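A short worksheet on the structure shown next.
This structure is a prediction, so every number in the text was calculated from the model and none was measured.
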Amino acid sequence: MKKRILIVGGVAGGASAAARIRRLDSEAEIIMFEQGEHVSYSNCALPYLLSGTVASSESLVLMSPEKFLRQHEIQARTHCQVTAIDRNAKQITVKNLSSGEIFTECYDKLVLSPGASPILPKTIAGIHNPHVFTVRNVTDIRALKKWIDENQVKKATVIGGGFIGVEVAENLSMSGISISLIEGTDQIMAPFDYDMVQTLHKEMLDHGISLHLSATLTEIQERTVIFRQNGQQKTLDADVVIMAIGVRPETALAQEAGLTIGETGGIWVNHNFQTSDPDIYAVGDAIESFHSILGKPGRLALAGPAQRQARSAADHICGRPVRNKGFIASSCIRIFEQNAASTGLNEKAARAAGIPFDFSYIYTNDKVGLMPDAHFMAFKLLFEVPTGKILGAQAIGKGDVARRIDVIASMITMGADLEDLKELELCYSPVFGTAKDVVNIAALSGLNLLEGRYRQVSVTKVRELAESGAYILDVREPAEYELGHIKGAHHIPLSQLKERMDEVPKDVPVYVHCRSSQRSYYAVCRMQGRGYKNLYNLTGSFLGICLYEYFNDQTQNRKPIVTAYNFK
């Protein structure tokens, strides 16, 4: 007897589940219900329509209902909203949004993939004005693009500095529109630590985007947005407003059916992605999954995990065993010329979880420096103390940062530690990387810290050190020093350190830096060999210091602690 499987919602979760079930069961009757206009589209590519990177909205649509039926014998019914689930009768109630018809469908198994909806706070006056948009599907992005074109929009304000907000801001800016971005916290892109994200702040400023951080939107008027920042009310001109402050899992249907909701607000599922009703499965942005590093429930609204969950649910429906390893949260983004990627825990998450950790913070070239397209890469690796277990990593640069983070994601998934990463054999060619890749260097640096071979001070502490008159030792060469240096720093090039080491005091802490932390590490080793005990290597060194200080100097009207910024 063939199974009747109904799926609520399409895109990454629902469509993937449907396709996998068909591959495993050629006889099952499979019906997808999607309340929107399209059942399968590239939601991650939506913002790129705004800049013309994606040429047309039609190209965002991956599969039509006709194609699903013709190629896979899957019925995909759009404009159909599932309004209720009768678990006892094993049937759903559906409303055809085009005709108004209401009907029921019976199921053997039901898969819920309703996704998540953009958050629109009711407390904000004007939140439903006609020039306020969200970006969730192809219909949304078409409406936004149409408004921009028909109203000859010159100024736009984006609310929210996460993936969607930043990508919308970037693509609107590329189309020639003046952009302001309002974010409620002190940084964009929450997966990155504050020291790392300054490179992205600088990139947005350099491309003309006005950033307003630690700011709260209070009202949207016809051509103006009103917000509060630092206790003051401020205004911005805005022909269009894009709300991107986050998403909320769509759980209403599940709740009304009496299904269990998890502690994080998503639909509770077990190892097999079954809900509290074993005949109902749930996948994607609406569910509560499992954070494998933290060892507790969590939610993650990304397409990759949704597709893996959909495959697992489909496998279990068809009698195949499931391996549920949870998620570690890997992601990447391009912001103009900078690429950024992260995986696992950042400092905030590790600290909140009470995990003892340390980190190595590396600035190095992404490939051999002789190559004309070599660029610096900022790389941060978090590890557990005292085990050395790898917890997470972040990378930012113009080169291939995603490949490095993919390496770390693989190591985390395998439960690797710093010793494993140190010995990891990777591909090498001068046009792709360096013989000792940045991930290997980060592991070596982490082991030195773990084993107490030297101590470090974060770039976040440099201003405090400089303003307090601490002894900062710059071991770069004279030409580098002249291009910019920390005010009050003592300058002894590494090439002269052996002859001039007696100039460095032993009775006070000495904070050593260079351009990228490599030469300063050499200097620390030499000085420790000569009896110096109170030494610290400044992580990130001068390049990192400039990047870290730049944004706050620009936005807070502070006096720079460097004579000149040097980002080379």
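Of the possible donor and acceptor atoms, none in the side chain of Glu219 sits under 3.5 Å from a partner among the backbone N and O of Gln221. At least one donor-acceptor pair closer than 3.5 Å links the side chain of Ser16 to the backbone N or O of Ala12. Under the 3.5 Å distance criterion, the side-chain polar atoms of Ser180 are left unmatched by any main-chain donor or acceptor of Thr157. Between the Ser64 side chain and the Lys67 main chain, a donor and an acceptor come within less than 3.5 Å of each other. Distance alone, capped at 3.5 Å, is enough to place a donor-acceptor pair between the His201 side chain and the Ile188 backbone. Arg4 places a side-chain N or O within donor-acceptor distance of the main-chain N or O of Cys106, the cut-off being under 3.5 Å. Between the side chain of Asp239 and the main chain of Gln152, no donor-acceptor pair closer than 3.5 Å is present. The main-chain N or O of Ser175 is never found under 3.5 Å from a side-chain atom of Ser51 such that the two would form a donor-acceptor pair. Put simply, the side chain of Asn96 never gets that close to the backbone of Cys80: no donor and acceptor are under 3.5 Å apart. Formation of a donor-acceptor pair under 3.5 Å by the Lys348 side chain with backbone atoms of Phe192 is found in this model.
Side-chain contact of Gln309 with Gln307: a donor-acceptor pair under 3.5 Å is absent, judged by distance alone. Judged purely by distance below 3.5 Å, without hydrogens or angles, the side chains of Ser210 and His212 pair a donor atom with an acceptor atom. Defined by atom type and a distance below 3.5 Å, a donor-acceptor pair is missing between the side-chain atoms of Asn346 and Gln394. For the residue pair Arg142 and Ser57, a side-chain donor N or O sits within less than 3.5 Å of a side-chain acceptor on the partner. No hydrogens or angles considered: nothing links the side chains of Thr78 and Glu34 as a donor-acceptor pair under 3.5 Å.
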Side chain to side chain contact (heavy atoms under 4.5 Å, CB included) between Cys427 and Phe432, intermediate numbers included: CA-CA 8 Å; Cys427 297; Phe432 291 113; over 6 Å; no
Val82/Thr93 under side chain to side chain contact (heavy atoms under 4.5 Å, CB included): CA gap, chis, key distance, verdict: CA-CA 6 Å; Val82 177; Thr93 302; over 6 Å; no
Chi angles and distances behind the salt bridge (Lys or Arg N to Asp or Glu O under 4.0 Å) call for Arg403, Asp406: CA-CA 5 Å; Arg403 174 168 67 90; Asp406 284 342; over 6 Å; no
Salt bridge (Lys or Arg N to Asp or Glu O under 4.0 Å) evaluation trace for Glu263 with Lys296: CA-CA 10 Å; Glu263 62 186 73; Lys296 66 178 185 179; over 6 Å; no
Stepwise salt bridge (Lys or Arg N to Asp or Glu O under 4.0 Å) test for Arg87 and Asp277: CA-CA 8 Å; Arg87 292 164 54 194; Asp277 184 324; 2.9 Å; yes
Verdict with supporting geometry, Ile293 and Ile412, side chain to side chain contact (heavy atoms under 4.5 Å, CB included): CA-CA 8 Å; Ile293 304 175; Ile412 292 173; 3.8 Å; yes
Pair Glu29-Ile5, side chain to side chain contact (heavy atoms under 4.5 Å, CB included): steps then yes or no: CA-CA 6 Å; Glu29 183 180 5; Ile5 301 167; over 6 Å; no
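Taking 4.0 Å as the cut-off between side-chain N and carboxylate O, Arg136 and Glu250 count as a salt-bridged pair. Arg334 and Glu167 are not joined by a salt bridge, as no carboxylate oxygen comes within less than 4.0 angstrom of a charged side-chain nitrogen. A salt bridge is absent between Asp149 and Lys146: the closest approach of a Lys/Arg side-chain nitrogen to an acidic carboxylate oxygen does not fall below 4.0 angstrom. Salt bridge Arg223/Asp237: absent, no basic N to carboxylate O contact under 4.0 Å. Using a cut-off of 4.0 Å between Lys/Arg side-chain N and Asp/Glu carboxylate O, Asp108 and Lys3 are scored as not salt-bridged.
When side chains are defined from C-beta on, Val111 does not count as touching Val8, because their heavy atoms never get closer than 4.5 Å. The shortest side-chain heavy-atom distance between Glu203 and Glu337 falls under the 4.5 Å cut-off. Using a 4.5 Å heavy-atom threshold, the side chains of Asn339 and Asp400 count as separate. When side chains are defined from C-beta on, Tyr48 counts as touching Glu170, because their heavy atoms get closer than 4.5 Å. The closest side-chain heavy-atom distance from Gln91 to Glu105 is not below 4.5 Å. In this structure, Glu222 and Asn129 have side chains that are not in contact, with every pair of non-hydrogen atoms separated by 4.5 Å or more. Side-chain contact between Lys398 and Asp366 is absent, with no heavy-atom pair separated by less than 4.5 Å. Between Leu46 and Asp140 the shortest side-chain heavy-atom distance does not fall below 4.5 Å.
Nearest heavy-atom pair, Val401 versus Ala340, reported as atom, atom and distance to 0.1 Å: CG2-N, 3.7 Å. Minimum heavy-atom separation, Asp315 to Arg20: OD1-NE, 2.7 Å. Contact record, Leu181 with Ala169: CD1-CB, 4.0 Å, taken as the closest heavy-atom pair. When all heavy atoms of Ile242 and Ala156 are compared, the closest pair comes out as CD1-CB, 4.4 Å.
The ring-ring contact (aromatic ring centres under 6.0 Å, His included) contacts involving residues 101-122 comprise nothing, where partners must be two or more places apart or lie in separate chains. Under the ring-ring contact (aromatic ring centres under 6.0 Å, His included) criterion, the residue pairs touching residues 251-283 are Tyr281-His316, with sequence neighbours excluded.
Counting non-hydrogen atoms of neighbouring residues, nucleotides and ligands closer than 6.0 angstrom, the CZ atom of Phe357 exceeds 12 such neighbours.
Between His72 and Phe68, the ring planes lie tilted relative to each other; the angle falls in the 30° to 60° range.
When each of Thr83, Thr104, Leu110 is tested with Ile92 by the rule side chain to side chain contact (heavy atoms under 4.5 Å, CB included), just one qualifies, namely Leu110. Of the residues Val132, Leu217, Leu120, the one that meets the side chain to side chain contact (heavy atoms under 4.5 Å, CB included) test with Ile159 is Leu217.
Not a single side-chain contact (heavy atoms from CB on, under 4.5 Å) links Ala190 to another residue, sequence neighbours left out.
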